[in-house]
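Beneath this line is the structure, given in structure tokens, with notes to follow.
Just the heavy atoms: all of them, side chains too, but no hydrogens, waters or symmetry mates, feed the values below. Remember, it's a predicted structure, so these values are computed and weren't measured experimentally.
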Amino acid sequence: MNSVKMKFAEAYWTLVQAGRRSEDSIPEELRTEYDMLKKNEAGKASSLSDSSVM
């Protein structure tokens with residue numbers, strides 16, 4: 001995995017979360033890294049909500 005691409009994907013993730021960009025604006029070159037990041041963040045959010053129930 002290219003660390004430069006991952007840094008750009010993280011920047012896009014932050015912008016999408018802040019409402020400054022849409023997911024449609026993510027370049028195809030970064031799509032794989034962005035999707036991995038999105039999947040990981042969704043997993044973290046899910047595990048956090050599961051642990052708060054206990």
Side-chain angles (χ1 to χ4, degrees):
M1 178 184 328
N2 188 337
S3 63
V4 174
K5 280 188 172 183
M6 186 52 85
K7 290 290 183 187
F8 275 102
E10 289 172 358
Y12 271 99
W13 172 257
T14 302
L15 291 170
V16 168
Q17 293 302 304
R20 304 285 294 172
R21 291 273 186 246
S22 69
E23 287 192 349
D24 295 338
S25 70
I26 299 165
E28 279 300 313
E29 295 86 8
L30 300 175
R31 181 56 66 176
T32 302
E33 287 80 5
Y34 179 84
D35 288 341
M36 282 186 354
L37 191 62
K38 184 177 171 182
K39 181 180 169 187
N40 288 342
E41 292 296 324
K44 285 182 189 176
S46 174
S47 66
L48 287 176
S49 65
D50 291 345
S51 65
S52 65
V53 173
M54 295 177 148

**Complete:** Correct closest heavy-atom pair for E29 and E33 would be O-OE1, 3.5 Å
**Prompt:** Does a salt bridge link K38 with E41, judged by any charged N lying under 4.0 Å from a carboxylate O?
**Reply:** no
**Item:** Spacing of F8 atom CZ and I26 atom CD1 [to the nearest 0.5 Å]
**Value:** 13.5 Å
**Request:** Quick one: closest heavy-atom pair of K5 and L30, and the distance?
**Result:** O-CD2, 3.6 Å
**Prompt:** Looking only at side chains, do E23 and Y34 share a donor and an acceptor under 3.5 Å apart?
**Reply:** yes
**Request:** Measure across L37 and E10 and return the closest heavy-atom pair with its distance rounded to 0.1 Å.
**Result:** CD2-CA, 3.5 Å
**Prompt:** Rounded to the nearest 0.5 Å, how far apart are CG of N40 and CG of D35?
**Reply:** 11.0 Å
